[in-house]
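Worth saying up front: this structure is predicted, and the values here are computed from it rather than measured. Within every chain, numbering begins at 1; the chains are lettered A, B, ... in the order of the sequence lines, protein sequences first and strands thereafter.
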Amino acid sequence: MSERRIRGTRKKKDPNAPKRSLSAYMFFANEQRDVVRAENPGIAFGQIGKLLGEKWKALDAAGKVPYEAKAEEDKKRYELEKLEYQKTLA
DNA sequence: GGCGTGATTGTTAGG
DNA sequence: CCTAACAATCACGCC
């Protein structure tokens with residue numbers, strides 16, 4: 001039953017809440033957003049979302065590499081904040 | 001020792 | 001301001 005808790009009501013979890021990190025999608029979306037939207041002037045968000053996601057994997061495992069790479073480095077970013085958060089929280 | 005959970009991340013668009 | 005598809009994530013805490 002792991003239905004990704006559809007973001008209905010974000011609840012607080014930690015006092016400092018370091019917030020995890022981004023995902024490969026976020027980095028990929030960062031580039032697609034201006035690209036996809038540029039090719040789809042006036043496209044509705046609902047369509048972009050789908051069209052974006054299908055293309056996301058549609059490109060190539062190596063294509064997402066750069067995004068993955070950033071996702072990994074971003075994680076480290078969160079890793080640090082969370083570490084500091086734990087220490088400061090404790 | 002292995003497990004599941006929840007929380008979060010960012011984009012788009014419009015009322 | 002918020003939500004919803006789209007996807008990944010993945011660290012955290014726990015017995």
Side-chain angles (χ1 to χ4, degrees):
Chain A
M1 271 107 167
S2 15
E3 269 183 46
R4 50 184 111 87
R5 65 146 303 301
I6 12 184
R7 88 171 81 103
T9 337
R10 311 166 153 153
K11 270 183 177 139
K12 233 184 173 169
K13 190 178 158 284
D14 293 294
N16 324 89
K19 273 58 156 136
R20 56 175 317 79
S21 44
L22 274 77
S23 334
Y25 199 91
M26 303 298 103
F27 317 96
F28 151 90
N30 261 268
E31 306 237 316
Q32 289 290 306
R33 121 204 114 167
D34 44 288
V35 172
V36 174
R37 199 198 167 193
E39 306 211 295
N40 305 279
I43 183 170
F45 118 63
Q47 276 57 292
I48 263 205
K50 296 174 151 190
L51 164 137
L52 226 156
E54 62 185 270
K55 282 165 111 189
W56 156 239
K57 292 175 188 159
L59 34 60
D60 288 302
K64 69 174 206 140
V65 147
Y67 319 100
E68 254 188 349
K70 200 141 178 45
E72 140 195 23
E73 97 175 60
D74 160 287
K75 174 198 104 59
K76 294 171 190 164
R77 165 86 270 119
Y78 158 86
E79 174 192 353
L80 299 165
E81 57 180 280
K82 128 191 160 246
L83 172 139
E84 185 197 321
Y85 137 78
Q86 287 174 0
K87 111 193 206 302
T88 199
L89 127 96

Measure the distance from [atom1] on [X] to [atom2] on [N] and round it to the nearest whole Å.
X: A/K64; N: C/dA8; atom1: NZ; atom2: P; answer: 7 Å
X: A/F28; N: B/dG10; atom1: CZ; atom2: P; answer: 16 Å
X: A/M26; N: C/dC6; atom1: CE; atom2: P; answer: 14 Å
X: A/N40; N: B/dA13; atom1: CG; atom2: P; answer: 11 Å
X: A/Y67; N: B/dT9; atom1: OH; atom2: P; answer: 21 Å
X: A/Y78; N: C/dA8; atom1: OH; atom2: C1'; answer: 15 Å
X: A/K70; N: C/dA7; atom1: NZ; atom2: P; answer: 22 Å
X: A/K57; N: C/dC6; atom1: NZ; atom2: C1'; answer: 9 Å

Q: Considering only NZ, NE, NH1 and NH2 on the basic side and carboxylate oxygens on the acidic side, decide whether A/R77 and A/E73 come within less than 4.0 Å.
A: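 No, A/R77 and A/E73 are not salt-bridged.
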Q: State whether A/K50 and A/E54 are salt-bridged, where the test is any N-O pair (Lys NZ or Arg NE/NH1/NH2 against Asp/Glu carboxylate O) under 4.0 Å.
A: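 So A/K50 does not pair with A/E54 through a salt bridge.
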Q. Between B/dT8, C/dT9, B/dT12, which one does the side chain of A/K19 approach most closely?
A.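 The listed nucleotide nearest to A/K19's side chain is B/dT8.
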Q: Consider the side chain of A/L22, meaning its heavy atoms from C-beta on, and name the nucleotide among B/dT9, C/dA5, B/dT11 that approaches it most closely.
A: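 Selected nucleotide: B/dT9.
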Q. Looking at CD of A/Q32 and CG of A/L59, how far apart are the two atoms once the value is rounded to the nearest 0.5 Å?
A.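 Answer for the CD-CG pair, A/Q32 versus A/L59, is 7.0 Å.
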Side-chain N or O of [X] closer than 4.0 Å to phosphate OP1/OP2 of [N]:
X: A/R37; N: B/dA13; value: yes
X: A/K75; N: C/dA11; value: yes
X: A/Q32; N: C/dC6; value: no

Q) For DNA chain C, whose closest nucleotide is more 5', that of A/F45 or that of A/R20? A)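 Upstream on the strand: A/F45.
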Q. Taking the nucleotide of DNA chain C with the closest heavy atom to each, which residue, A/G49 or A/S21, is nearer the 5' end?
A.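 Here A/G49 is the residue nearer the 5' end.
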**Q.** Counterpart residues, side-chain contact (heavy atoms from CB on, under 4.5 Å), relative to A/Q47 (two or more places apart)
**A.**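 side-chain contact (heavy atoms from CB on, under 4.5 Å) list for A/Q47, sorted by chain: A/I43, A/A44.
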(Q) What's A/F27 touching, base or sugar-phosphate or nothing? Going by heavy atoms closer than 4.0 Å. (A)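 Nothing, no nucleic acid heavy atom in range.
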Q. Hey, does A/L51 reach any base, or is it just sugar-phosphate, or nothing, if we go heavy atoms under 4.0 Å?
A.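 Here A/L51 touches no strand at all.
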Q | Side chain A/D74, main chain A/K70, donor-acceptor under 3.5 Å | A |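 The answer is no, because no donor-acceptor pair under 3.5 Å joins these two groups.
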